[in-house]
**Student:** 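Got a structure for you, questions after.
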Amino acid sequence: MNQKRPRIGVMGGTFDPIHNGHLVAASEVADAFQLDEVIFVPTGVPWHKKAVSSAEHRYLMTVIATAANPSFTVSRVDVDRPGVTYTIDTLEEVAKTYPNADLFFISGADAIAQILVWKDIEKIWPLATFVAVSRPGHVLELPDTEQAAIEVLEVPALAISSTAVRARVTAGKPIWYLVPDGVVQYIAKHELYGADN
C-alpha cells in the first residue's frame with residue numbers, strides 16, 4: 001500500500017508581532033497546496049534585522065496567535081539554536097524531523113525576491129518548494145533560476161505589516177483586529193513596542 005507523503009508548510013519570520021496577515025497567508029497556502037500542517041518558525045536572531053523583540057516574546061505571541069487552528073503548530077527550533085538564524089538551518093532541521101514529507105517554505109514575496117543572497121542557497125533549493133505570498137496587484141520580480149520551485153500566491157490580508165502594528169502601538173493607536181486578540185493583550189501586558197497600558 002502506497003502511503004501519501006505528508007505536505008508540511010514551514011512559515012519562517014520574525015513575527016514581531018505576528019499579525020492576521022500571517023495567519024491568513026498560512027491558511028490560504030495550506031488550502032491552495034493541500035498542506036497537512038503549517039509550522040510557524042519564529043527566527044531566533046535574524047541575520048537581516050538589527051533590533052527585534054526577544055525571541056521568547058515573539059515565540060509566545062506566535063503560540064497564542066496560532067492556538068485556535070489545529071493544523072497550525074509552532075517550532076522553537078530557531079529560538080533554541082544559538083547564533084544567527086538562517087533559512088538553510090531551519091529547513092534542514094525540519095527535514096530531519098519530517099524525513100518523508102514534502103516541505104513548502106512560506107515567506108513574503110519581498111523576502112523571496114532576495115532569495116539568491118540567502119546563505120547556502122544552492123543547498124536550500126532541493127529542500128522545499130518556495131511559496132511567495134504577495135498582496136494583490138503587487139508586481140513581483142522573482143529571481144530567474146531553473147533550480148528552484150517558486151510558487152506565487154496573492155493574499156488580500158497582507159496589507160497588514162508588523163512594522164505598521166509596532167508603529168501603531170508606539171503611537172497609542174488600537175491594533176485590535178490587525179493581530180489576534182490574545183496578541184493585543186500580550187503586547188499590552190508586557191509593554192512591548194512602547195505600549196504603556
Side-chain angles (χ1 to χ4, degrees), residues 8-32 35-82 84-85 87 90 93-94 97 104-111 131-136 138 153-197:
I8 308 285
V10 180
M11 189 162 193
T14 46
F15 301 128
D16 192 22
I18 189 165
H19 55 68
N20 288 340
H22 294 127
L23 301 172
V24 172
S27 178
E28 290 289 303
V29 172
D31 177 63
L35 304 184
D36 300 300
E37 178 183 352
V38 176
I39 305 167
F40 288 73
V41 189
T43 52
V45 180
W47 63 270
H48 60 300
K49 292 183 180 174
K50 295 285 179 264
V52 292
S53 302
S54 79
E56 202 61 33
H57 279 317
R58 293 182 289 102
Y59 168 76
L60 290 171
M61 285 189 285
T62 306
V63 168
I64 290 166
T66 57
N69 189 326
S71 64
F72 288 174
T73 57
V74 185
S75 170
R76 291 187 61 92
V77 64
D78 287 348
V79 171
D80 292 341
R81 186 190 310 107
V84 174
T85 298
T87 302
T90 308
E93 201 68 41
V94 174
T97 308
F104 293 78
F105 188 80
I106 307 162
S107 190
D110 297 342
V131 183
V133 289
S134 74
R135 296 181 295 281
H138 178 70
L153 188 67
E154 288 190 348
V155 178
L158 280 186
I160 304 169
S161 77
S162 296
T163 304
V165 170
R166 290 194 304 271
R168 288 183 67 85
V169 173
T170 303
K173 299 207 172 293
I175 56 169
W176 292 102
Y177 316 115
L178 298 175
V179 302
D181 294 355
V183 174
V184 176
Q185 293 158 343
Y186 187 95
I187 289 169
K189 178 179 177 183
H190 295 278
E191 299 182 352
L192 301 181
Y193 319 123
D196 51 14
N197 55 21

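Since we're looking at a predicted model, the values are computed, not measured. Any value given below was found using the heavy atoms of this structure, including those in side chains, with hydrogens, waters and symmetry copies removed.
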**Student:** Are the side chain of Arg166 and the backbone N or O of Ser161 linked by a donor-acceptor pair below 3.5 Å?
**Tutor:** no
**Student:** For a quick test of reading the model, state the closest non-hydrogen atom pair linking Leu178 to Pro174 and the distance between them.
**Tutor:** CD1-O, 4.5 Å
**Student:** Can you confirm whether Asn20 sits close enough to Pro180 that some side-chain heavy atom of one is under 4.5 Å from a side-chain heavy atom of the other?
**Tutor:** yes
**Student:** Is any side-chain heavy atom of Glu93 closer than 4.5 Å to one of Asp78?
**Tutor:** no
**Student:** Drop me the distance from Ser54's OG to Leu192's CG, to the nearest 0.5 angstrom.
**Tutor:** 7.5 Å
**Student:** Find the distance between CG (Leu35) and CZ (Phe104) and round it off to the nearest 0.5 Å.
**Tutor:** 6.0 Å
**Student:** Between Leu23 and Phe40, does the side chain to side chain contact (heavy atoms under 4.5 Å, CB included) criterion hold? Intermediate values first, please.
**Tutor:** CA-CA 10 Å; Leu23 301 172; Phe40 288 73; 4.0 Å; yes
**Student:** Which value, rounded to the nearest 0.5 Å, describes the distance between Thr14 atom OG1 and His22 atom NE2?
**Tutor:** 6.5 Å
**Student:** Is there a donor-acceptor pair under 3.5 Å between the side chain of Ser107 and the backbone N or O of Ala132?
**Tutor:** no
**Student:** For the residue pair Tyr186 and Ile64, what are the closest heavy atoms and their distance?
**Tutor:** CD1-CD1, 3.6 Å
**Student:** Evaluate the side-chain proximity of Met61 to Pro42: yes if any heavy-atom separation is below 4.5 Å, no if none is.
**Tutor:** no
**Student:** Hey, are the side chains of Ser75 and Val94 touching, using non-hydrogen atoms and a 4.5 Å cut-off?
**Tutor:** no
**Student:** Okay, side chain of Arg81, backbone of Gly44: is any donor-acceptor separation there less than 3.5 Å?
**Tutor:** no
**Student:** Give me the atom names and distance for the closest heavy-atom approach of Val79 to Thr43.
**Tutor:** CG2-O, 4.4 Å
**Student:** Look at the side chain of Ser71 and the backbone N and O of Glu37, then say whether any donor-acceptor pair between them is shorter than 3.5 Å.
**Tutor:** no
**Student:** Quick one: are Ile106 and Val133 in side-chain contact, heavy atoms under 4.5 Å?
**Tutor:** yes
**Student:** Kindly give the heavy-atom pair with the smallest separation between Val183 and Pro17, and that separation in Å.
**Tutor:** CG1-CB, 4.2 Å
**Student:** Show the nearest heavy-atom pair for residues Met11 and Ala25, with the distance to one decimal.
**Tutor:** CE-CB, 4.1 Å
**Student:** Does any part of the side chain of Asp16, heavy atoms only, come nearer than 4.5 Å to the side chain of Tyr193, both counted from C-beta?
**Tutor:** yes
**Student:** Do Val29 and Val38 touch side chain to side chain, with heavy atoms closer than 4.5 Å?
**Tutor:** no
**Student:** Could you state the interatomic distance from OG1 (Thr62) to CD1 (Ile18), rounded to the nearest 0.5 Å?
**Tutor:** 4.5 Å
**Student:** Yes or no on side chain to side chain contact (heavy atoms under 4.5 Å, CB included) for Ile175 and His19, after CA distance, side-chain angles and deciding distance?
**Tutor:** CA-CA 10 Å; Ile175 56 169; His19 55 68; over 6 Å; no
